[in-house]
**Student:** 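One structure, as structure tokens, below. Some questions next.
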Amino acid sequence: MTKYFLLLCLLPAAVAGQHAAPDSRYDAMECTTVTVGKNASADGSVMTSHTDDSHRTRTDISVVQAKDHPQGTMKTLYRRRAAANRPGEMPKYEYVETGQIPEVAHTFQYFNSAYPCMNEKQLAIGESTFGGRPECHADTGLIDCSCLCMLILERCSTARQAIRTAGELLEKYGWNDAGECLTIADKHEVWHLEIVGPGKGRTGAVWVAQRVPDDHVSVNANAARIEEIDLKNKDFFMASSNIFSVAEAGGWYDPKKEIFRFAYAYAPSTRTSIACRRREWRVFNLLAPSLKLNADSEHFPFSAKPDAPVKKEDMVRVFKDYYEGTDFDMRKTLAVTDNDGKTVISPLANPFMKADELKLLRINGGWGWRGERTIAVHFTIYATILQCRDRLPDEIGGLCWYALDNVASSIYVPFYGSIRDFPKTYKTCGRQTGFSKESAWWAFNRLGTLAAKRWGEMHLVVDSVWNPMQAGFFEKQDEIESLALLLLQQNKRAEAIDFLTGYSNDCGNTAVETAWKTGDYLWTVFDGLW
């Protein structure tokens, strides 16, 4: 029995970067986003977030500078599509031109990640795909999700402006993606924007937006979450003009028989997905345990008041979570008997098993939308926790906490929204081009892949490295921001931005160097146990 268990745990090759794709029957398994209103956070910040849990997206991040554009300038738009792969090659996207639209006179600086995430005005975006009805998938529009994030960040400074601008752009130029949720935050409030296409051969989009109350938290985990809407309450709801008519024409909503619920009209199958619902439950379970929500429920509140003000540490805890200590902890299925006859979780038990392992062991429904998936997963490309703070100038208030690869074995590094540049290794796209020590992502991916092989023992080593460093980044924040604020008050804006750029880059370089060293340590110390 023990030998059989050992062989199963070591079955997949311990090769960095071999991310298994989620079940192909349901592609919308790739992101989790958590939102926090300003009165629900411990420091008064509005927060959104994102885990890019993909097997294709690029790993690099860079700064796109603000720019003025002469009248008549046109902007070329591109959409992502799955690229053809040679045998053994890692999956990736390619970018194809969809068309051009008029450029605006001035575009803001923004962070260009796979899904652009923050601009210089403290506008921030998280993302989660929910797919929606196949009948809604459009094929004639110019704008996909990544493109829309870019256009919003280039052109907008508030969440409400971003939603209105998105609606105008999509009505004129059209959506060409599956159903998506964007969680859009500014320094005052945060909204969830859910979008589907109008159907093949049609240009436009169907969308709805709901604001998270200032004292609440919310979540999207690859399922449409907005249900009943009240468009008379303009402070909390916005929608496209066709939101009811498209559903009626499709036979998905009968106003004579039922109350309109966006999620059930346009993406009903996502509400029955265990993989989606369980993450929704777990976020509320961690931040508002007093609700005592049923983990198997199909319905959870759109948002809820947390039991205590949410700290950055709480957000990190959420995104590192793999249901440990709950009935859904996948490691429990791999329990063994120790020398004293007690049932214990083996140090080999791995919460980040690949799809073939889960299916082989028939653990918790296998993998896919009808099986389990945790918040932290091995196929995360990058993750963000985005802070927007009205008590600070834009140069300091917008802060992107950025982690690479599996959050459970990684660290969030601070990058201020005003910085001029990222470290070279963060700008180097290494995943699609093969292993390279010049790419930050490979440092974290190698570490995470190694740690997962003997998680029970190795994660203790990883935590002993990252936990003090993460705490140090958090503790240093007030000091760094006070120094930058002093420079701004002395009318030394350029010096303040240079200071923040240097600090952020130092943090990034330190984290990457530490990831390489920690991976070397694991490889060496545990060498005889592979």
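Each residue takes its place number in the sequence, starting with 1. If you're wondering where the values come from, they're calculated on a predicted model, not measured in any experiment.
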**Student:** Looking just at side-chain N and O atoms, do T428 and S439 make a donor-acceptor pair shorter than 3.5 Å?
**Tutor:** no

**Student:** How about Y412 and F473: are their ring centroids closer than 6.0 Å?
**Tutor:**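 No; F473 has its ring centre 6.0 Å or more from that of Y412.
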
**Student:** Looking at every non-hydrogen atom in both residues, tell me the closest pair between T59 and C429 and how far apart they are.
**Tutor:** OG1-CA, 3.8 Å

**Student:** About how many Å separate CD of Q122 and NZ of K187, when rounded to the nearest 0.5 Å?
**Tutor:**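 Separation between the atoms: 5.0 Å.
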
**Student:** Return the orientation label for the F130 and F262 ring planes: parallel under 30°, perpendicular over 60°, tilted otherwise.
**Tutor:**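 If you compare the ring of F130 with that of F262, the planes turn out perpendicular.
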
**Student:** Write down the atom of A138, the atom of R202, and the distance for their closest heavy-atom approach.
**Tutor:** CB-O, 4.2 Å

**Student:** My understanding is that only residues two or more places apart in sequence, or in another chain, count here; which of them pass salt bridge (charged side-chain N to carboxylate O under 4.0 Å, His left out) with K200?
**Tutor:**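 Expected list: none.
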
**Student:** Considering all heavy atoms of both residues, which atom of D139 and which atom of G201 are nearest to each other, and what is their separation?
**Tutor:** OD1-N, 2.9 Å

**Student:** Run H69 and T107 through side-chain contact (heavy atoms from CB on, under 4.5 Å) and show every step you take.
**Tutor:** CA-CA 8 Å; H69 304 275; T107 50; 3.0 Å; yes

**Student:** With no hydrogens and no angle check, just 3.5 Å: does a side-chain donor-acceptor pair link D186 and T158?
**Tutor:** no

**Student:** Within the side chain of R277, is there an N or O that forms a donor-acceptor pair under 3.5 Å with the backbone of T272?
**Tutor:**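 Yes, because the side chain of R277 sits within donor-acceptor range (under 3.5 Å) of the backbone of T272.
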
**Student:** Between Y266 and I243, is there a donor-acceptor pair closer than 3.5 Å when you use the side chain of the first and the backbone of the second?
**Tutor:** yes

**Student:** Does D405 use its side chain to pair, donor to acceptor, with the backbone of V407 at less than 3.5 Å?
**Tutor:** no

**Student:** Go through W191 and F237 one step at a time and tell me if the ring pair (Phe, Tyr, Trp, His ring centres under 6.0 Å) criterion holds.
**Tutor:** CA-CA 9 Å; W191 291 68; F237 294 96; 8.0 Å; no

**Student:** Is it possible for you to check whether R282 lies under 6.0 Å from the centre of the six-membered ring of Y323, through NZ or CZ, and within 45° of that ring's axis?
**Tutor:**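 Judged by the rule, R282 and Y323 form no cation-pi pair.
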
**Student:** With sequence neighbours excluded, what pairs up with R261 under the salt bridge (charged side-chain N to carboxylate O under 4.0 Å, His left out) test?
**Tutor:**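 For R261, the residues satisfying salt bridge (charged side-chain N to carboxylate O under 4.0 Å, His left out) (neighbours in sequence not counted) are E227.
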
**Student:** Evaluate the side chain to side chain donor-acceptor pair (under 3.5 Å) criterion for residues E120 and S418: first the C-alpha distance (whole Å), next the side-chain angles of each, then the deciding distance (0.1 Å), finally the verdict.
**Tutor:** CA-CA 5 Å; E120 62 179 302; S418 63; over 6 Å; no

**Student:** Can I get a per-line list of side-chain donor-acceptor pairs under 3.5 Å for residues 310-318, giving both atom names and the distance, sequence neighbours left out?
**Tutor:**
{"from": "K312", "atom 1": "NZ", "to": "Q477", "atom 2": "OE1", "distance (Å)": "3.3"}
{"from": "D314", "atom 1": "OD2", "to": "K311", "atom 2": "N", "distance (Å)": "2.8"}

**Student:** Between Q210 and H192, is there a side-chain donor-acceptor contact under 3.5 Å, judged purely by atom types and distance?
**Tutor:** no

**Student:** Indicate whether the side chain of Q100 and that of T76 have a donor and an acceptor atom separated by less than 3.5 Å.
**Tutor:**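 Present: a donor and an acceptor within the cut-off.
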
**Student:** Test V283 against every option in V217, D321, I375 by the side-chain contact (heavy atoms from CB on, under 4.5 Å) rule and name the one that passes.
**Tutor:** I375

**Student:** Could you tell me whether the side chains of H106 and D68 share a donor-acceptor contact shorter than 3.5 Å?
**Tutor:**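 Yes - a donor-acceptor pair under 3.5 Å links their side chains.
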
**Student:** Do S128 and T33 pair up side chain to side chain, a donor and an acceptor below 3.5 Å, judged on atom types alone?
**Tutor:** no

**Student:** Under the 3.5 angstrom rule, does the side chain of T57 hit a backbone N or O of S54 as a donor-acceptor pair?
**Tutor:** no

**Student:** Please test F415 against Y426 for ring pair (Phe, Tyr, Trp, His ring centres under 6.0 Å), starting from the C-alpha separation and ending with a verdict.
**Tutor:** CA-CA 11 Å; F415 291 104; Y426 280 79; 5.3 Å; yes

**Student:** Does the gap between the ring centers of H216 and F302 come in under 6.0 Å?
**Tutor:** no

**Student:** Which residues pass the salt bridge (charged side-chain N to carboxylate O under 4.0 Å, His left out) test with D43, sequence neighbours left out?
**Tutor:**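 Per chain and number, D43 pairs via salt bridge (charged side-chain N to carboxylate O under 4.0 Å, His left out) with no residue.
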
**Student:** Can you find a heavy atom in the side chain of E135 that is under 4.5 Å from one in the side chain of V246?
**Tutor:**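 No. Closest side-chain heavy atoms not under 4.5 Å.
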
**Student:** To the nearest 0.5 angstrom, please state how far the OG1 atom of T203 sits from the NZ atom of K172.
**Tutor:**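 Going from OG1 on T203 over to NZ on K172, the span is 12.5 Å.
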
**Student:** Quick one: salt bridge (charged side-chain N to carboxylate O under 4.0 Å, His left out) partners of K437, sequence neighbours excluded?
**Tutor:**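 Result, salt bridge (charged side-chain N to carboxylate O under 4.0 Å, His left out) vs K437: none returned.
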
**Student:** Minimum heavy-atom separation for G204 and P198, please, with both atom names.
**Tutor:**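 Of all heavy-atom pairs spanning G204 and P198, the closest is O-CD, 3.4 Å.
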
**Student:** Could you walk me through whether W175 and I195 pass the side-chain contact (heavy atoms from CB on, under 4.5 Å) test, one step at a time?
**Tutor:** CA-CA 9 Å; W175 182 248; I195 310 166; 3.9 Å; yes

**Student:** Could you tell me the separation between the CZ atom of F300 and the CZ atom of R278, rounded to the nearest 0.5 Å?
**Tutor:** 8.0 Å

**Student:** Got a donor-acceptor contact below 3.5 angstrom from the W466 side chain to the S409 backbone?
**Tutor:** yes

**Student:** Between CZ of F236 and CD of E189, what distance do you get to the nearest 0.5 Å?
**Tutor:**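 These two atoms lie 8.5 Å from each other.
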
**Student:** Could you go through the side-chain contact (heavy atoms from CB on, under 4.5 Å) check for E280 and R225 one step at a time?
**Tutor:** CA-CA 10 Å; E280 294 170 1; R225 296 265 290 124; 3.1 Å; yes

**Student:** Give the minimum heavy-atom separation between V462 and A451, together with the two atoms involved.
**Tutor:**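 Shortest heavy-atom separation between V462 and A451 comes out as CG2-CB, 4.0 Å.
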
**Student:** Would you say the side-chain atoms of N39 pair up with the backbone N or O of D215, donor to acceptor, closer than 3.5 Å?
**Tutor:**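 Looks like no, no N/O pair under 3.5 Å.
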
**Student:** State the CG-SG distance between L182 and C149, to the nearest 0.5 angstrom.
**Tutor:**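 That separation rounds to 4.5 Å.
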
**Student:** Look at the side chain of Y95 and the backbone N and O of R81, then say whether any donor-acceptor pair between them is shorter than 3.5 Å.
**Tutor:**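 Looks like no, no N/O pair under 3.5 Å.
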
**Student:** Of all heavy-atom pairs between R155 and P102, which one has the smallest distance, and what is that distance?
**Tutor:**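 That would be NH2-O, 3.2 Å.
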
**Student:** Determine yes or no for a side-chain-to-main-chain donor-acceptor pair under 3.5 angstrom, with S240 supplying the side chain and V206 the backbone.
**Tutor:**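 No; zero donor-acceptor contacts below 3.5 Å.
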
**Student:** Stepwise, does the salt bridge (charged side-chain N to carboxylate O under 4.0 Å, His left out) test hold for D214 with R211?
**Tutor:** CA-CA 9 Å; D214 290 344; R211 178 184 163 198; 3.1 Å; yes

**Student:** Treating T270 as the side-chain partner and A224 as the backbone partner, does any N or O pair qualify as donor plus acceptor under 3.5 Å?
**Tutor:**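 Here the side-chain-to-backbone pair exists.
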
**Student:** Is there a salt bridge (charged side-chain N to carboxylate O under 4.0 Å, His left out) between R79 and E97 once you walk through the steps?
**Tutor:** CA-CA 7 Å; R79 67 165 297 184; E97 182 177 335; over 6 Å; no

**Student:** Give the ring-plane orientation class for W442 versus F435, where under 30° counts as parallel, over 60° as perpendicular and anything between as tilted.
**Tutor:**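 Because their plane-to-plane angle is over 60°, the rings of W442 and F435 count as perpendicular.
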
**Student:** For L153 and I125: C-alpha separation, side-chain torsions, deciding distance, then whether side-chain contact (heavy atoms from CB on, under 4.5 Å) applies.
**Tutor:** CA-CA 8 Å; L153 292 176; I125 304 177; 3.9 Å; yes

**Student:** I'd like to know whether the aromatic ring centres of F319 and W401 sit less than 6.0 Å apart in this structure.
**Tutor:**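 F319 vs W401: aromatic centres not under 6.0 Å.
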
**Student:** Any salt bridge linking K121 with E395? Criterion: basic side-chain nitrogen under 4.0 Å from a carboxylate oxygen.
**Tutor:** no

**Student:** Do any N or O atoms from the side chain of S45 and from the backbone of R389 form a donor-acceptor pair under 3.5 angstrom?
**Tutor:**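 Absent.
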
**Student:** Would you tabulate the side-chain donor-acceptor contacts of residues 110-118 under 3.5 Å, counting partners in other chains and residues two or more places apart, or write 'none'?
**Tutor:**
{"from": "N112", "atom 1": "OD1", "to": "R58", "atom 2": "NH2", "distance (Å)": "3.0"}
{"from": "S113", "atom 1": "OG", "to": "Y115", "atom 2": "O", "distance (Å)": "2.8"}
{"from": "Y115", "atom 1": "OH", "to": "R80", "atom 2": "NH2", "distance (Å)": "2.7"}

**Student:** Determine the interplanar angle of the H50 and Y382 rings, folded into 0 to 90°, and report it as parallel if under 30°, tilted if 30 to 60°, perpendicular if over 60°.
**Tutor:**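 Rings of H50 and Y382: perpendicular, as their planes differ by over 60°.
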
